[in-house]
Engineer: 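Got a structure for you, written out below as structure tokens; questions coming shortly.
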Amino acid sequence: MRYTESMNLRETMKCAIFDMDGTLLDSMGMWAGLGKNLIRSHGKVPAEDVWYDLKVLNSVETAHYLIERYDFKGTVEEVIQEIDDAAYRHYSTDLALKPGALELLQRLYQLHIPAILASATDKRLVRACLERLGIEKYFFALNSCEDFHTSKSKPLIFQKSAEMAGVPPAQAVVFEDALHAIRTAHAAGFPVVAVYDKAAEEITEPPESDWRRILPLADMTCANPGQVIPFLSF
């Protein structure tokens with residue numbers, strides 16, 4: 001674990017903005033396989049690095065990508081539905097929280113620090129998962145990129161989430177695992193806690209892994225969300 005000495009997390013954080021996949025939920029491996037399987041089901045051969053393209057896209061952008069590059073048939077809405085239906089089974093039955101995620105959410109709830117979910121995942125999947133895991137009650141609000149017609153390559157979802165809690169970006173700590181989202185939040189003035197996920201060992205921008213590129217951008221890094229809890233004490 002690494003943290004910036006100048007950031008006192010307990011004093012800084014008046015709101016916590018959480019990504020879901022790869023941050024709170026151990027689900028990135030599922031998504032990496034899902035995209036390739038969908039492409040194969042359409043009789044196409046997925047590029048070896050197709051996941052690098054897909055993981056930075058929201059649902060609408062993903063549908064456009066699959067239609068244009070892999071000749072998926074149907075409308076954007078129909079392709080989104082196909083993706084959601086393929087993923088829904090996992091969100092509603094078997095995806096698990098990362099170690100310490102539940103305990104961190106409970107601690108924030110006890111401290112009256114609003115936790116807001118800011119996810120690129122379709123809201124139907126988000127709700128199915130949170131309800132199954134019994135953690136929806138710990139969130140002040142649930143936001144998805146589709147709500148604001150945006151992606152995490154732009155700061156809008158983070159900005160809107162902070163606005164809902166009534167705090168400025170400097171007091172809204174973003175918990176993320178993905179390089180592109182961390183870059184966006186950091187550039188927009190949000191403190192960032194980078195949560196390690198094995199997907200970050202991928203090298204999407206040679207020669208360094210995503211995790212190596214994340215390190216200088218994050219105010220704090222952790223192997224799992226539970227490692228943050230001791231920093232919330234006075």
Engineer: Is Leu217 reachable from Ile203 through a run of hydrophobic residues whose side-chain heavy atoms are each under 4.5 Å from the next?
Structural biologist: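 Not linked; separate clusters.
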
Engineer: Taking all heavy atoms of Asp219 and all of Phe190, pick out the closest pair and write down the distance.
Structural biologist: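 Heavy-atom minimum between the residues: OD2-O, 4.3 Å.
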
Engineer: A quick test of your reading: do over 12 heavy atoms of other residues, nucleotides or ligands sit less than 6.0 Å from CD of Glu48?
Structural biologist: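 No.
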
Engineer: Report yes if some heavy atom in the side chain of Ile80 is under 4.5 Å from a heavy atom in the side chain of Glu77; otherwise report no.
Structural biologist: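 With C-beta onward as the side chain, the pair stays apart.
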
Engineer: For a side-chain hydrogen bond (donor to acceptor under 3.5 Å, both in side chains) check, start with the C-alpha distance between Tyr91 and Asp21, then their side-chain angles and the critical distance, and finish with the verdict.
Structural biologist: CA-CA 10 Å; Tyr91 281 89; Asp21 293 287; 2.5 Å; yes

Engineer: To the nearest 0.5 Å, tell me how far Ile214 CD1 sits from His180 NE2.
Structural biologist: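 Between atom CD1 of Ile214 and atom NE2 of His180 there are 10.5 Å.
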
Engineer: Quick check: do Asp85 and Glu82 have side-chain heavy atoms less than 4.5 Å from each other?
Structural biologist: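 No, side chains not in contact.
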
Engineer: For the atom pair OG (Ser59) and CG (Asp84), what is the distance rounded to the nearest 0.5 Å?
Structural biologist: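 Reported value, rounded in 0.5 Å steps: 6.5 Å.
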
Engineer: Where is the tightest heavy-atom contact between Gly74 and Ile67, given as atom of each residue plus distance?
Structural biologist: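 The pair with the smallest heavy-atom distance is O-CD1, 3.8 Å.
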
Engineer: Mark yes or no for whether Asp26, through its side chain, and Leu97, through its backbone, hold a donor-acceptor pair below 3.5 Å.
Structural biologist: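 No; judged by distance alone, with no hydrogens or angles, the pair does not exist.
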
Engineer: Out of curiosity, Asn224 CG to Glu103 CD, how far, rounded to the nearest 0.5 Å?
Structural biologist: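 Between atom CG of Asn224 and atom CD of Glu103 there are 9.5 Å.
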
Engineer: Rounded to the nearest 0.5 Å, what separation is found between the CG atom of Leu24 and the CG atom of Leu102?
Structural biologist: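 If we round to the nearest 0.5 Å, Leu24:CG and Leu102:CG are 10.0 Å apart.
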
Engineer: What closest approach, in Å, do Val126 and Ser119 show between heavy atoms, and which atom pair accounts for it?
Structural biologist: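 Nearest pair, atom of Val126 first, then Ser119: CG2-OG, 4.1 Å.
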
Engineer: Show your reasoning for whether side chain to side chain contact (heavy atoms under 4.5 Å, CB included) applies to Met220 and Leu9.
Structural biologist: CA-CA 9 Å; Met220 178 180 290; Leu9 190 64; 4.1 Å; yes

Engineer: Please list every donor-acceptor pair under 3.5 Å in which a side-chain atom of residues 162-179 meets a protein atom from a residue at least two apart or in another chain.
Structural biologist:
| from | atom 1 | to | atom 2 | distance (Å) |
| --- | --- | --- | --- | --- |
| Glu176 | OE2 | Lys152 | NZ | 2.7 |
| Asp177 | OD1 | Thr23 | OG1 | 3.0 |

Engineer: According to the interplanar angle, ranging from 0 to 90°, do the rings of Phe139 and Phe18 count as parallel (below 30°), tilted (30 to 60°) or perpendicular (above 60°)?
Structural biologist: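 Rings of Phe139 and Phe18: perpendicular, over 60°.
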
Engineer: Do the side chains of Leu108 and Met13 get nearer than 4.5 Å, heavy atoms only?
Structural biologist: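 They are in side-chain contact.
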
Engineer: Would you name the heavy atoms of Arg213 and Pro206 that are closest together and state the gap between them?
Structural biologist: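 Heavy-atom minimum between the residues: NH2-O, 3.4 Å.
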
Engineer: With no hydrogens and no angle check, is any side-chain donor or acceptor of Ser209 less than 3.5 Å from a backbone partner on Arg212?
Structural biologist: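 Pair found, side chain donor or acceptor close to backbone of Arg212.
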
Engineer: Whether the side chain of Lys123 engages the backbone of Ser144 through a donor-acceptor N/O pair (distance < 3.5 Å, no angle test) should be reported.
Structural biologist: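 Side chain of Lys123 to backbone of Ser144, a donor-acceptor pair under 3.5 Å: no, none is there.
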
Engineer: Assess whether a salt bridge exists between Glu136 and Arg127, defined as any Lys/Arg side-chain N lying under 4.0 Å from an Asp/Glu carboxylate O.
Structural biologist: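 Here Glu136 pairs with Arg127 in a salt bridge, since their nearest N and O are under 4.0 Å apart.
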
Engineer: With side chains defined as the heavy atoms from C-beta onward, is the minimum distance between Pro225 and Val228 less than 4.5 Å?
Structural biologist: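 No, side chains not in contact.
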
Engineer: Between Lys160 and Asp147, does any side-chain N to carboxylate O distance fall below 4.0 Å?
Structural biologist: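 Not counted as a salt bridge, because no side-chain N and carboxylate O are separated by less than 4.0 Å.
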
Engineer: Roughly how far apart are Leu95 CG and Met20 CE, rounded to 0.5 Å?
Structural biologist: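 Result: 8.0 Å between the selected atoms.
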
Engineer: With a 4.5 Å limit on heavy-atom distance, are the side chains of Trp211 and Glu202 in contact?
Structural biologist: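 The answer is no; the side chains never approach within 4.5 Å.
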
Engineer: Got Glu61 and Ser151 here, is their nearest side-chain heavy-atom distance under 4.5 Å?
Structural biologist: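 Yes, close enough: below the 4.5 Å cut-off.
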
Engineer: Any salt bridge linking Asp210 with Lys55? Criterion: basic side-chain nitrogen under 4.0 Å from a carboxylate oxygen.
Structural biologist: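 Yes, this pair counts.
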
Engineer: Do Asn58 and Thr150 pass the side chain to side chain contact (heavy atoms under 4.5 Å, CB included) test, and can you show the C-alpha distance, the side-chain angles, and the key distance before you say yes or no?
Structural biologist: CA-CA 7 Å; Asn58 63 25; Thr150 190; 5.7 Å; no

Engineer: Can you see which heavy atom on Ala87 is nearest to which on Leu34, and at what distance?
Structural biologist: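 So the two residues come closest at CB-CD2, 3.8 Å.
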
Engineer: State whether a side-chain donor-acceptor pair under 3.5 Å links Gln227 with Tyr196.
Structural biologist: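 Short answer, no.
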
Engineer: Is the side chain of Asn8 donor-acceptor paired with the backbone N or O of Glu11 at a distance under 3.5 Å, no angle test?
Structural biologist: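 Yes.
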
Engineer: Where is the tightest heavy-atom contact between Trp31 and Ile83, given as atom of each residue plus distance?
Structural biologist: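 Reported closest heavy-atom pair: CZ3-CG2, 3.9 Å.
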
Engineer: Would you check, one step at a time, whether the test side chain to side chain contact (heavy atoms under 4.5 Å, CB included) holds for Arg40 with Val45?
Structural biologist: CA-CA 6 Å; Arg40 292 188 186 105; Val45 178; over 6 Å; no

Engineer: Go through the steps for Cys15 and Ile116 under the test side chain to side chain contact (heavy atoms under 4.5 Å, CB included), then give the verdict.
Structural biologist: CA-CA 8 Å; Cys15 165; Ile116 296 178; 4.1 Å; yes

Engineer: Check whether any side-chain heavy atom of Asn143 sits under 4.5 Å from a side-chain heavy atom of Leu117, and report yes or no.
Structural biologist: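 A side-chain contact is absent here, since even the closest heavy-atom pair is not under 4.5 Å.
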
Engineer: Tell me, with the steps shown, if Arg183 and Glu205 meet salt bridge (charged side-chain N to carboxylate O under 4.0 Å, His left out).
Structural biologist: CA-CA 13 Å; Arg183 275 181 174 156; Glu205 299 174 11; 2.7 Å; yes

Engineer: Using side-chain heavy atoms (C-beta onward) and a distance below 4.5 Å, is Phe148 in contact with Lys154?
Structural biologist: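 The answer is no, as the side chains (C-beta and beyond) never meet within the 4.5 Å cut-off.
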
Engineer: If the threshold is 4.0 Å, N to carboxylate O, is there a salt bridge linking Asp71 and Lys73?
Structural biologist: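 Yes, Asp71 and Lys73 are salt-bridged.
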
Engineer: Return the OH to CG distance between Tyr65 and Leu54, rounded to the nearest 0.5 Å.
Structural biologist: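 Separation between the atoms: 5.5 Å.
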
